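Written out below as structure tokens is the structure these notes cover.
Values in this document were obtained by computation on a predicted structure and should not be read as measured data.
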Amino acid sequence: MIDFRYHLVSIVAVFMALAIGIVLGSGPLREPITAGLKNQTQQLAQDKAEQRSQIRDLERHLSYAQSFASKVGPDLVGDRLLGQSVVLVTFPGTSGRLTTSVRSELTLAGARVTGQVAVAKKFTDPQQVGVLDDLARRLAPPTTVLPTTEDPYTRVAAVLGDAILTPQTTVAGAPDAAGAEVLAGLREAGFLDLSGSPSRRASLAVMVASDAPAAPDDAVAAADASLVTLAAGLDARASGSVLVGAASSAAKGGLVSALRSSTTASQRVSTVDTVDTPEGLVAVVYALVEQNRDSVGHYGSEDGASGVLPDLSGPVKP
């Protein structure tokens with residue numbers, strides 16, 4: 001058994017070591033220790049200064065690259081979408097600034113934007129899915145063929161898709177009374193918000209995603225799954241579609257990431273994850289042109305991107 005003398009010896013040893021350290025630190029070892037600490041401090045300060053310089057260099061290069069892209073962007077996209085009509089679809093949390101930038105780029109490319117359909121948060125509420133499904137069934141015009149599936153969002157996508165999109169460019173832009181009724185019903189029920197004339201059906205769709213949440217959970221995954229289904233369903237009613245967002249949208253919990261992870265949707269809908277940059281906006285236009293040629297691609301700088309831009313060599317699809 002450990003007795004009192006053992007504890008006493010241990011305590012004395014600790015104090016002796018402390019005393020020796022103090023003596024040495026204030027005596028013969030003081031200067032070497034001080035010099036060593038001073039050298040370490042100077043090295044850390046130098047490293048920090050070098051890192052700051054590197055950051056300034058990177059920021060300057062990035063600013064140059066974006067300024068360059070802004071200058072050449074109009075020439076790169078000019079008339080690429082001439083004669084095409086596009087509808088914008090935004091999802092809960094989408095940045096208005098981002099959507100405005102996308103709209104401006106589409107206009108630069110010669111496209112006519114028919115309108116904007118803003119999907120409300122209520123759309124992905126699991127408590128509202130039955131109401132949404134029943135409403136879509138009742139609003140569906142006779143010309144819409146409802147899919148025989150257990151997934152209600154597939155049916156909703158068919159009804160909404162027929163109201164705002166058509167693969168036939170020759171009939172795009174014409175007033176569609178049935179589509180207007182569908183959109184009015186969904187808006188009155190609080191599932192959509194509308195601007196412009198989205199019932200003048202477009203041939204192409206650009207869907208704008210929000211940033212990924214800081215802490216994605218099962219509810220986020222379920223909402224993303226329903227919107228991926230919607231995106232694929234809209235694409236089936238169009239000549240082409242692209243889901244776009246900032247870099248964060250391709251992170252875990254982001255809608256672009258969810259679509260790229262979908263085996264079926266990723267084979268239909270193209271994506272771009274850098275639309276908060278001038279070069280990313282160019283990629284949106286090029287991806288739409290590629291879609292209009294019946295091809296699919298994923299572009300940007302984040303996981304799941306296969307390149308920067310699609311290869312558009314060859315004739316444009318009429």
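Contact record, Ala251 with Ser257: O-CB, 3.2 Å, taken as the closest heavy-atom pair. When all heavy atoms of Val269 and Ala231 are compared, the closest pair comes out as CG2-O, 3.8 Å. Nearest heavy atom pair, residue Gly253 against residue Val220, reads O-CG1, 3.6 Å. Across all non-hydrogen atoms, the minimal contact from Ala209 to Thr94 is C-OG1, 3.8 Å. Here the closest heavy-atom approach between residue Val102 and residue Val206 is recorded as CG1-CG1, 3.8 Å. Among all heavy-atom pairs drawn from Val87 and Gly115, the shortest one is CG2-O, 3.6 Å.
Atom CG of Leu259 is separated from atom CG of Leu227 by 10.0 Å, given to the nearest 0.5 angstrom. Of the inter-residue distances, the one linking Leu204 atom CG with Leu288 atom CG reads 5.5 Å to the nearest 0.5 angstrom. Considering CG of Leu243 and OG of Ser249, their distance stands at 7.0 Å, rounded to 0.5 Å. Rounding to the nearest 0.5 Å gives a distance of 10.5 Å between CG of Leu81 and OH of Tyr286. Interatomic distance, OG1 of Thr124 versus CZ of Phe191, reported as 10.5 Å (0.5 Å rounding). How far CG of Leu146 is from OG1 of Thr144: 7.0 Å, rounded to the nearest 0.5 Å.
Hydrophobic clustering of Ile, Leu, Val, Met, Phe, Trp and Tyr side chains at less than 4.5 Å, counting indirect connections, unites Leu139 with Phe123. Residues Val129 and Leu255 share a single hydrophobic cluster, defined by chaining ILVMFWY side chains whose heavy atoms lie under 4.5 Å apart. Both Leu183 and Phe91 are part of a single hydrophobic cluster, where members link through side-chain heavy atoms under 4.5 Å apart. Taking hydrophobic clusters as Ile, Leu, Val, Met, Phe, Trp and Tyr residues chained together by side-chain heavy-atom distances below 4.5 Å, Val86 does not share a cluster with Val119. Residues Val296 and Val275 are members of separate hydrophobic clusters, defined by side-chain heavy-atom contacts under 4.5 angstrom among Ile, Leu, Val, Met, Phe, Trp and Tyr.
Looking only at distances, no side-chain donor or acceptor of Lys252 sits under 3.5 Å from a matching main-chain atom of Pro213. Between the side chain of Ser104 and the backbone N or O of Thr100 there is at least one donor-acceptor pair closer than 3.5 Å. Ser262 places no side-chain N or O within donor-acceptor distance of the main-chain N or O of Ala258, the cut-off being under 3.5 Å. Of the possible polar contacts, one joining the Thr99 side chain to the Ser95 backbone as a donor-acceptor pair under 3.5 Å is found. Not a single donor-acceptor pair under 3.5 Å links the side chain of Ser203 to the backbone N or O of Gln168. At distances below 3.5 Å, not a single donor-acceptor pair connects side-chain atoms of Thr154 with backbone N or O atoms of Glu150.
At least one side-chain heavy atom of Val242 sits less than 4.5 Å from a side-chain heavy atom of Gln291. Considering only heavy atoms from C-beta on, Asp151 comes within 4.5 Å of Thr229 through its side chain. Residues Ile164 and Ser199 are not in side-chain contact: their nearest non-hydrogen atoms beyond the backbone lie 4.5 Å or more apart. By the 4.5 Å heavy-atom criterion applied to side chains, Ser241 and Met207 are counted as neighbours. Using a 4.5 Å heavy-atom cutoff, the side chains of Pro167 and Arg237 are not in contact. With contacts defined as side-chain heavy-atom distances shorter than 4.5 Å, the pair Leu230/Tyr153 does not qualify. Within the 4.5 Å cutoff, the side chain of Asn292 has heavy atoms near those of the Gln84 side chain. By the 4.5 Å heavy-atom criterion applied to side chains, Val208 and Val89 are not counted as neighbours.
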Go through the steps for Glu105 and Val282 under the test side chain to side chain contact (heavy atoms under 4.5 Å, CB included), then give the verdict.
CA-CA 7 Å; Glu105 194 74 8; Val282 173; 3.9 Å; yes
Derivation of the side chain to side chain contact (heavy atoms under 4.5 Å, CB included) call for Leu186 and Val159:
CA-CA 10 Å; Leu186 291 171; Val159 175; 5.5 Å; no
List the steps, then state whether salt bridge (charged side-chain N to carboxylate O under 4.0 Å, His left out) holds for Asp125 with Lys121.
CA-CA 7 Å; Asp125 185 348; Lys121 189 174 181 180; over 6 Å; no
Side chain to side chain contact (heavy atoms under 4.5 Å, CB included) evaluation trace for Leu160 with Leu192
CA-CA 10 Å; Leu160 178 59; Leu192 301 176; 3.9 Å; yes
Checking side chain to side chain contact (heavy atoms under 4.5 Å, CB included) for the pair Thr271/Val244: CA distance, chi angles, key distance, verdict?
CA-CA 5 Å; Thr271 60; Val244 306; over 6 Å; no
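Residues Asp134 and Arg138 are paired through a salt bridge, judged by an N-O separation under 4.0 Å between the basic side chain and the carboxylate. Comment: Arg200 does not engage Asp176 in a salt bridge, judged by the lack of any side-chain N to carboxylate O separation of less than 4.0 angstrom. Of the charged side-chain nitrogens involved, at least one lies within less than 4.0 Å of a carboxylate oxygen, so that Asp273 and Arg260 count as a salt-bridged pair.
Using a 3.5 Å distance cut-off with no hydrogens or angles, the side chains of His298 and Ser306 do not pair a donor with an acceptor. Inspection of the Glu290 and Tyr299 side chains reveals an N or O donor paired with an N or O acceptor under 3.5 Å.
Other residues, nucleotides and ligands place more than 12 heavy atoms under 6.0 Å from the CG atom of Asp217.
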